[in-house]
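First comes the structure, then the notes that go with it.
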There are 4 protein chains.
Amino acid sequence: MADTGGIAQDQLRSIVARIERLEEEKTVLATDIKEVYAEAKGNGFDIKILRKIVRLRKQEQAERLEEEEITDLYMHALGMLTTPE
Amino acid sequence: MADTGGIAQDQLRSIVARIERLEEEKTVLATDIKEVYAEAKGNGFDIKILRKIVRLRKQEQAERLEEEEITDLYMHALGMLTTPE
Amino acid sequence: MADTGGIAQDQLRSIVARIERLEEEKTVLATDIKEVYAEAKGNGFDIKILRKIVRLRKQEQAERLEEEEITDLYMHALGMLTTPE
Amino acid sequence: MADTGGIAQDQLRSIVARIERLEEEKTVLATDIKEVYAEAKGNGFDIKILRKIVRLRKQEQAERLEEEEITDLYMHALGMLTTPE
DNA sequence: ACACAAAGTTCGCGTC
DNA sequence: GACGCGAACTTTGTGT
């Protein structure tokens, strides 16, 4: 990495390129999502409610995962498991 | 949409499913990006600096686009271009 | 606000002072919370689990509020209420 | 703590209650701070700049404390002070 | 103004 | 007991 004239620069370029590529794809998806909402609105759905439904479903899933986690945590605390794999 | 017993529900399901699918993909990309940063860190790069580089490049690109836009605008104003189709 | 030599400066001082005062109090509370965790650890409790319990309880409360909200939203959407007050 | 049927549960309840109480107060303060910013904005101040001012002042204070600490350290090392407190 | 997403900072733990 | 790592919390910026 101290070799600033050599391999490090190539590595840096590669890293930046990969990140930019991924971020670009992410932006595309964000756009797609917006379009779905817009289309739904065109079909008479209320975007605000749609967003809330999506959010609620995400929360419910998160809650489920969280509960599993805490169960695992307790089981470990009680010595019922040795290590998380 | 008032037809709550029929097609609207199917539509709603479809919309929510599409959004959730896209958001999931977006999450995957966010994870991938984090992994690239983590890998870079493992190779001795400073994540904070990497983020700054990426941010700067995005800004520069935005500025370049901005300039192109303004240039186009002027050229149109001067009658040097016809309207873009 | 353009009157930089006069009232605006006093206002600015007052604003900054109020914020700093509040942040100081906030920091004190954060310290207190840490101390409770530390004390609990001294009594054989697992900090990680404690944090998770607290988080979970907060989520559950948030979920309850969220559901009420969405209920209201639907009722409005169905024309059962006129305006949110 | 292994006495899950007895005192530990009371202790746990007490711990969680204390934390939740403190966090609630902390939330109130956070809200108050936001309100001060909002009010300032209403009086024509730029929130972003205000935040920067507050941040800078905090840094400066931290630096001052740091210097005092180092000074104390040196003075101790030179035997110019006895141990504090 | 509110909620979401991203970034930065801090904290707790395992290791040496 | 100090240091680094990984995770959690906080804060900042953005979009609706």
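Each chain gets a letter, A, B and so on, in the order the sequences are listed, and its residues count up from 1. Keep in mind the model is a prediction, meaning the values are calculated, not measured.
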Rounded distance in Å - [atom1] ([X]) to [atom2] ([N]):
X       : N      : atom1 : atom2 : result
C:Leu73 : F:dT16 : CG    : C1'   : 14 Å
D:Leu29 : F:dC9  : CG    : P     : 19 Å
C:Leu65 : E:dA3  : CG    : P     : 11 Å
B:Glu39 : F:dG6  : CD    : C1'   : 18 Å
C:Ile33 : F:dC9  : CD1   : P     : 11 Å
C:Leu56 : F:dA8  : CG    : P     : 14 Å
B:Glu35 : F:dG6  : CD    : C1'   : 15 Å
A:Lys58 : E:dA3  : NZ    : P     : 14 Å

Any side-chain heavy-atom pair from D:Leu50 and D:Val36 closer than 4.5 angstrom?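 Not touching, per the 4.5 Å side-chain cut-off.
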Which letter, B, S or -, goes with each nucleotide of nucleotides 7-16 of chain E from 5' to 3', with contact meaning a protein heavy atom under 4.0 Å? SSS-SSS---
Which Ile, Leu, Val, Met, Phe, Trp or Tyr residues join D:Tyr74 in one cluster when any pair of side-chain heavy atoms under 4.5 Å counts as a link?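 Once heavy-atom contacts under 4.5 Å are chained together, D:Tyr74 belongs with D:Ile70.
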For A:Glu63, the salt bridge (Lys or Arg N to Asp or Glu O under 4.0 Å) test, sequence neighbours excluded, returns none
Sequence neighbours left out, cut at 3.5 Å: what donor-acceptor pairs do the side chains of residues 52-60 of chain C make with other protein atoms?
from	atom 1	to	atom 2	distance (Å)
C:Lys52	NZ	A:Glu69	OE1	2.3
C:Arg55	NH1	A:Glu66	OE2	2.9
C:Arg57	NE	D:Glu20	OE2	2.6
C:Arg57	NH2	D:Glu20	OE1	3.0

N or O in side chain of D:Lys26 less than 4.0 angstrom from F:dT10 OP1/OP2: yes
Please list, chain by chain and in numerical order, all residues satisfying side chain to side chain donor-acceptor pair (under 3.5 Å) with C:Glu35, sequence neighbours excluded.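 For C:Glu35 there are no side chain to side chain donor-acceptor pair (under 3.5 Å) partners, ignoring immediate neighbours.
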Residues in side-chain contact (heavy atoms from CB on, under 4.5 Å) with D:Arg21, at least two apart?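 D:Glu25.
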